[in-house]
Amino acid sequence: MDTALSSIRAVPGRYVKGTLFEYLSEHWRGNLPLAKAYWLNFVAVSASIVVVLGVTIAAVQNTGLRIMAAVALFCCLVGYACFVWQMVGVYRSARFHVRRGGSRFGAACGWLGLILAIGGNAFVSSKHFIPWARGEATIVLGDPSIPRMGIELMPSGREAEITGGLPAGCAREFRDIIAHAPTVNVLHVNNTGGRVYEALNIAKIVTARGMTTYISVECESAATVIFLAGRERYVANGAKVGFHAGSFPGMLTSQLFELNAGVREAMLTAGVNADFIERALATPPTEMWYPSVDEMIQAGVVTGITHGERFGISPVVARHIEKSGLDEISLSFSYLKKLREIDPDMYANMVRAFHEGVAAGLSEGDIGANVRKIVIAKVALVQLRASDEALRHMMRLWISLLEKYKDTQPKEVLQTFGGQVADDANSNLSIGRVLPDYPIAEEGEVIVELMASAAREERPIDKEQASQDLSTVAKVLNQKAPNAISILVADQKQVKDYRTTANAFWFYYTTIRDEVPRSHQANLLRYMLK
């Protein structure tokens, strides 16, 4: 009987019932009827595979992005292996269809269906599946192309910072670290983004903890979802916040819409204006939209702007400065290299003040003010010993600062002359943040020139000439700005009208520049400073 059965199956187109393996084998050989091979084994089985794939992915939805990607990739590879089995069986069955007594029309329909299926699959594979599979494989491998997320607790114990990117699995790492830091209520988000899935999961933790979020340097892409989860949301003046639509290789338009639906919901929950959301998600994934602070405040993205007075300095920035030196903060601070050569002790005191401020968890504004006080105190000691050209350069800087900020930020520019800028609560502000385009580099050049040109003794002052020049300045001021003199001699600690005061000082120094002979200007400045 076994011999007879084997002989029957050796004839193409004949099928005798057996085990599942035998059934699969018979389809592969083309021994099943064409209708069964096509409608049952191809159409019905394909629909079943789609359903099983969806159920399987849903079952592992909360197991983590890497596990989800691995399961999805495995299921799809099994599906493609099944597709090969289906197509070979249909192809062979169509070949044997006429020999088994079937019509040529039926065979032709089988061939046509086969061609359409293979062609459609090839198109979908090249345009969608292969890019998608590569993306999933990247996730399984741990997203090597996305920077690893850094999580760091700051010295105050109340703040933490996330940097780098958002690769697969980072949300679990964030959860584990934050769970052991119950006092942290501020999260610095200086992150370039990555996986939306991870961002949404971190955002849930931030929301549950009622944390405040803060951007001091740069936050982009999916990382903005984390920022928006903050109960209060602040950005430092000058920080960059970038938005665009999410993407994933090989996804259809409908799938991309679903991918961005989570981001849209997060933004709506945060109270962001609908027009802003549409603008953000209309930005292609290959581009980045950086709205202004005013736009973000109006749209409900940002609670407020800070100037370095509210939060601690970024650990990444602090480490870079500690490693490379204060002069490596930016090109604008390169003058500190010269100061280090001119006065190593002063530079060492500045570095010490910076390190102590970071260790104490002080704000950026407080650290900057402490460092700046050391410089200003040193400058005050050398002014009377500096060269004529250095003093004139100092006056030109004062005039430039007053010209630039006297009408827009008069209080802040006046405070810079005292070495620090503070708000109404007397919290120190970062000068570089509160005064846009503050000429730090030029100020540094003036300081270097003052210190480098300082003589051992105070330079002589011609008091009689200085008095005459001062009288000339007073006469001109009485004509141009009659109230200027009374403002200038008033107690500056009692100033209320900062704009008028700033303009009075501007009139004063421009009058010295324009009305006093150049050769007399440094003498008059020494007389005033004395």
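Both backbone and side-chain heavy atoms feed into the values below; hydrogens, waters and symmetry mates do not.
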Quick check: does any side chain N or O of [X] sit under 3.5 Å from a backbone N or O of [Y], one acting as donor and the other as acceptor?
X    : Y    : answer
R195 : C170 : no
N191 : G193 : yes
N185 : M211 : no
N503 : R499 : yes
R158 : V184 : no
R233 : A270 : yes
S486 : N483 : yes
S363 : G312 : no
N260 : A245 : no
T183 : G157 : yes

For residues [X] and [Y], determine if any side-chain heavy atom of one lies less than 4.5 Å from a side-chain heavy atom of the other.
X    : Y    : result
F276 : M267 : yes
M288 : K240 : no
L166 : I202 : yes
N273 : Q298 : no
I447 : E443 : yes
N370 : K373 : yes
E198 : D143 : no
R209 : L187 : no

Carboxylate-amine/guanidinium contact [X] [Y], below 4.0 Å:
X    : Y    : result
E173 : R148 : yes
E389 : R396 : yes
R264 : E258 : no

So how far is it from [X] [atom1] to [Y] [atom2], rounded to the nearest 0.5 Å?
X    : Y    : atom1 : atom2 : result
Y509 : L397 : OH    : CG    : 11.5 Å
Q415 : Q409 : CD    : CD    : 11.0 Å
Y234 : T306 : OH    : OG1   : 9.0 Å
M296 : I215 : CE    : CD1   : 7.0 Å
L200 : K204 : CG    : NZ    : 7.0 Å
F227 : T213 : CZ    : OG1   : 4.5 Å

What are the two closest non-hydrogen atoms of [X] and [Y], and how far apart are they?
X    : Y    : result
M154 : P315 : CG-CG, 3.6 Å
L259 : F248 : CD2-N, 4.3 Å
L281 : H244 : CD2-O, 4.3 Å
I49  : G79  : CG2-CA, 4.4 Å
A452 : I342 : CB-CD1, 3.9 Å
A69  : I139 : CB-CG2, 3.7 Å

- Message: Between E161 and N190, does the side-chain hydrogen bond (donor to acceptor under 3.5 Å, both in side chains) criterion hold? Intermediate values first, please.
- Response: CA-CA 7 Å; E161 180 180 49; N190 292 310; 2.6 Å; yes
- Can you check side chain to side chain contact (heavy atoms under 4.5 Å, CB included) on W132 and L73, steps first, answer last? CA-CA 9 Å; W132 173 86; L73 197 57; 4.2 Å; yes
- Message: For a side chain to side chain contact (heavy atoms under 4.5 Å, CB included) check, start with the C-alpha distance between L391 and L450, then their side-chain angles and the critical distance, and finish with the verdict.
- Response: CA-CA 7 Å; L391 290 176; L450 288 169; 4.0 Å; yes
- Task: Start with the C-alpha gap between T283 and F243, add the side-chain angles, then the distance that decides, and say whether side chain to side chain contact (heavy atoms under 4.5 Å, CB included) holds.
- Result: CA-CA 7 Å; T283 303; F243 297 86; 5.8 Å; no
- Task: Establish, from distance only, whether the side-chain atoms of T510 and D514 form a donor-acceptor pair under 3.5 Å.
- Result: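 There is no such pair between these side chains.
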- Apply side chain to side chain contact (heavy atoms under 4.5 Å, CB included) to N349 and K378, showing your working. CA-CA 11 Å; N349 289 335; K378 188 68 175 182; over 6 Å; no
- Item | Distance under 6.0 Å and angle within 45° of ring axis: R310 vs Y214 |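 No, cation not above the ring by the 6.0 Å, 45° rule.
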Determine whether more than 12 heavy atoms belonging to other residues, nucleotides or ligands lie under 6.0 Å from atom [atom1] of [X].
X    : atom1 : value
Y290 : OH    : yes
K338 : NZ    : no
R513 : CZ    : yes
R172 : CZ    : no
E232 : CD    : yes

- Which of parallel (below 30°), tilted (30 to 60°) and perpendicular (above 60°) describes Y405 and Y438?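 Parallel, since the angle between the ring planes stays under 30°.
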- Task: Please work out which of the three classes, parallel, tilted or perpendicular, describes the rings of Y80 and F129, given edges at 30° and 60°.
- Result: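 If you compare the ring of F129 with that of Y80, the planes turn out parallel.
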- Message: As a quick check of understanding, evaluate side-chain hydrogen bond (donor to acceptor under 3.5 Å, both in side chains) for T138 and R134, giving each step before the final call.
- Response: CA-CA 6 Å; T138 300; R134 286 175 178 168; over 6 Å; no
- Answer with yes or no after comparing the ring centroid distance for Y508 and W398 against a 6.0 Å cut-off, counting only values under it.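 No, too far apart.
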